[in-house]
Amino acid sequence: MSVHWWIREGLDYRDGELHLGQQNLADLVKSAGTPTFVYDASRIAANLERIHTALDKYEVEHDIFFALKANRYLPLVTFLKLMGRCGLDVCSPNEMRLGRQLGFHEEQIVYTNTSVSNEDIEWLARHPRVHVNVDSLSTLRRLATRCPGRSIGLRINPQMGVAYHDHLAYSGDKITKFGIYEDRFNEALALASGLGVPVNTLHFHMGSGYMTSDLAQFDQVLLRIHQFVKQCPAVKTLDIGGGLGVPLRPDDEGLDLDQWATVVARHARKMGVKIQLEPGDYLLKDVGVLLVEINTVEEKRGILFVGVNAGFNLQNSYAYYDMPYAFAPLRHDPAAPIVQITIAGNINEAIDVFGEEIEMHRPVEGDYLAIVNAGGYGSSMSSNHCMRGEYSEYILFPDSLA
């Protein structure tokens, strides 16, 4: 098995030095320092266009809304706005305000959140053309009272889902806080009708990180959604959420968008609905790396620990969800022996580990390392734990856009 299984177009070694897009990352480190997030704008555009192309092939009417919680780096989000190929999915008033400040019109924003406060509803009242997916009967009641006549979506929970990790499954056997369950769906429809708020959209999100092998389950989820849509003749839009997965391990097959689109198209035609989706991680995970410096290489009780100058406060997917990263030295030394290592961060917590039993060419102190697949849910979820919250961010544009 190659230790460089993660190599792809736009992320590879050239003359032994790691490049992202057109940028030699070892050169960037000289001026940028570490820890530093780096994003490839060309890959962002390609990932977004790939979804559009797959759905267009099967004539699926659709809109895409980028999930802002995945990454709110201003140059990156501005780039998405200037592309003009997606709107924004937001989950808080401050995210909505940021989207408006960056030029997204209200009609280009979808608001989906849970445990919505009265203060949130006041903010929504000031933005009447933002589409709101309502997550609970409580929110429905309070929003309808404050915003009479406003068209809404209902977020439903089909009790079926799949994800990278059980904790990222938003619907399934475990009862979660997300969405309106079938046993209260008719009650929600009656409440909306009684309060005079039309329901024009149904929304669901089954989990974060499904791939080709999960499409049979995705198909079953959509089949279950038919039961909800049949009860809502006025619903013309189905929001299928996000959750499209990318390969995280050498044997992951990823998501075949053509197969995915055939499933979406078949159900969209049968239900007679337009499709909305809200990808975040799919657009960004594989466009970014986190550059770190190796400061410690030391064996402890038979385990070779490699310590770096960043921690799970900057990239927490492995610590929280057991989602693996790939790791790439910025300079490839094929003569170095391949060893098994544990990569640990600089936060004084036991869970501060980026990966265990990682096979790679033995690093040395002072080397630099790229943590691959770090484009989503990194900087946007960062904290200043142990007062180690400092980092930089860079976005790389091709020469054609420079």
Side-chain angles (χ1 to χ4, degrees), residues 65 67-69 88-97 99 106 109-161 163 166-208 221-222 224-243 273 276-278 280:
F65 297 85
L68 183 58
K69 67 176 183 174
L88 280 188
D89 167 60
V90 303
C91 57
S92 74
N94 283 334
E95 284 193 348
M96 190 192 312
R97 175 163 50 196
E106 289 187 19
I109 298 175
V110 170
Y111 179 94
T112 308
N113 194 26
T114 185
S115 302
V116 175
S117 70
N118 288 334
E119 290 77 12
D120 292 355
I121 290 174
E122 285 300 319
W123 187 268
L124 291 169
R126 288 154 48 189
H127 297 82
R129 291 181 299 280
V130 168
H131 175 74
V132 182
N133 290 317
V134 173
D135 181 73
S136 68
L137 275 68
S138 171
T139 300
L140 171 58
R141 187 179 299 108
R142 288 178 287 127
L143 180 67
T145 301
R146 181 63 181 84
C147 306
R150 182 169 183 164
S151 297
I152 63 168
L154 290 182
R155 179 174 183 173
I156 56 180
N157 191 314
Q159 286 191 259
M160 300 172 66
D166 289 346
H167 291 168
L168 291 169
Y170 298 123
S171 61
D173 293 336
K174 180 180 178 180
I175 305 303
T176 72
K177 66 178 182 178
F178 297 109
I180 297 168
Y181 283 82
E182 184 178 25
D183 62 344
R184 302 200 69 182
F185 183 62
N186 286 332
E187 182 183 353
L189 293 178
L191 180 60
S193 176
L195 293 172
V197 287
V199 177
N200 61 15
T201 301
L202 291 184
H203 170 285
F204 74 92
H205 182 29
M206 67 178 194
S208 178
V221 172
L222 284 169
R224 182 169 175 77
I225 296 300
H226 285 246
Q227 302 172 24
F228 292 90
V229 173
K230 286 178 182 178
Q231 301 176 64
C232 309
V235 165
K236 302 302 179 185
T237 301
L238 178 65
D239 189 328
I240 63 175
V273 293
Q276 287 183 181
L277 64 154
E278 301 154 4

Gap between atom [atom2] of [Y] and atom [atom1] of [X] - 0.5 Å precision:
{"X": "Gln227", "Y": "Gln231", "atom1": "CD", "atom2": "CD", "result": "8.0 Å"}
{"X": "Cys147", "Y": "Leu124", "atom1": "SG", "atom2": "CG", "result": "7.0 Å"}
{"X": "Cys91", "Y": "Leu68", "atom1": "SG", "atom2": "CG", "result": "7.5 Å"}
{"X": "Ser117", "Y": "Trp123", "atom1": "OG", "atom2": "CH2", "result": "12.0 Å"}
{"X": "Arg97", "Y": "Ser92", "atom1": "CZ", "atom2": "OG", "result": "9.0 Å"}

Does any non-hydrogen side-chain atom of [Y] lie less than 4.5 Å from one of [X]?
{"X": "Asn133", "Y": "Ile152", "value": "no"}
{"X": "His203", "Y": "Ile156", "value": "no"}
{"X": "Glu95", "Y": "Leu88", "value": "no"}
{"X": "Leu154", "Y": "Val134", "value": "yes"}
{"X": "Phe228", "Y": "Glu182", "value": "yes"}
{"X": "Phe204", "Y": "Ile180", "value": "no"}
{"X": "Val110", "Y": "Val132", "value": "no"}
{"X": "Leu202", "Y": "Phe185", "value": "yes"}

task = Carefully, step by step, assess Leu222 and Ile240 under the rule side chain to side chain contact (heavy atoms under 4.5 Å, CB included).
result = CA-CA 9 Å; Leu222 284 169; Ile240 63 175; 4.3 Å; yes
Short question: side chain of [X], backbone of [Y] - any donor-acceptor pair under 3.5 Å?
{"X": "Arg224", "Y": "Pro158", "answer": "yes"}
{"X": "Asp135", "Y": "Gly179", "answer": "yes"}
{"X": "Asp89", "Y": "Phe65", "answer": "no"}

ask   = Only one of His127, Arg126, Met96, His131 forms a side-chain contact (heavy atoms from CB on, under 4.5 Å) with Glu106, so which one is it?
value = His127
message = Which residue in the set Thr114, Thr112, Asp120 passes side-chain contact (heavy atoms from CB on, under 4.5 Å) when paired with Val116?
response = Asp120
Minimum heavy-atom separation for [X] and [Y], please, with both atom names.
{"X": "Met206", "Y": "Met160", "value": "CB-O, 3.6 Å"}
{"X": "Tyr181", "Y": "Thr176", "value": "OH-N, 2.9 Å"}
{"X": "Leu140", "Y": "Leu191", "value": "CD2-CD2, 3.7 Å"}
{"X": "Arg150", "Y": "Val197", "value": "O-CB, 3.4 Å"}
{"X": "Gly280", "Y": "Ala67", "value": "CA-CB, 3.9 Å"}
{"X": "Leu137", "Y": "Ala188", "value": "CD1-CB, 3.9 Å"}

task = Using distance alone, with no hydrogens and no angle criterion, decide if Arg141 and Thr145 have a side-chain donor and acceptor under 3.5 Å apart.
result = no
query = Cut-off 3.5 Å, side chains only: do Asp239 and Thr201 have a donor facing an acceptor?
reply = no
request  = Step by step, work out the side chain to side chain contact (heavy atoms under 4.5 Å, CB included) result for Glu278 and His205.
outcome  = CA-CA 9 Å; Glu278 301 154 4; His205 182 29; over 6 Å; no
message = Strictly below 4.0 Å, N to O, side chains only: are Arg146 and Glu122 in salt-bridge contact?
response = yes
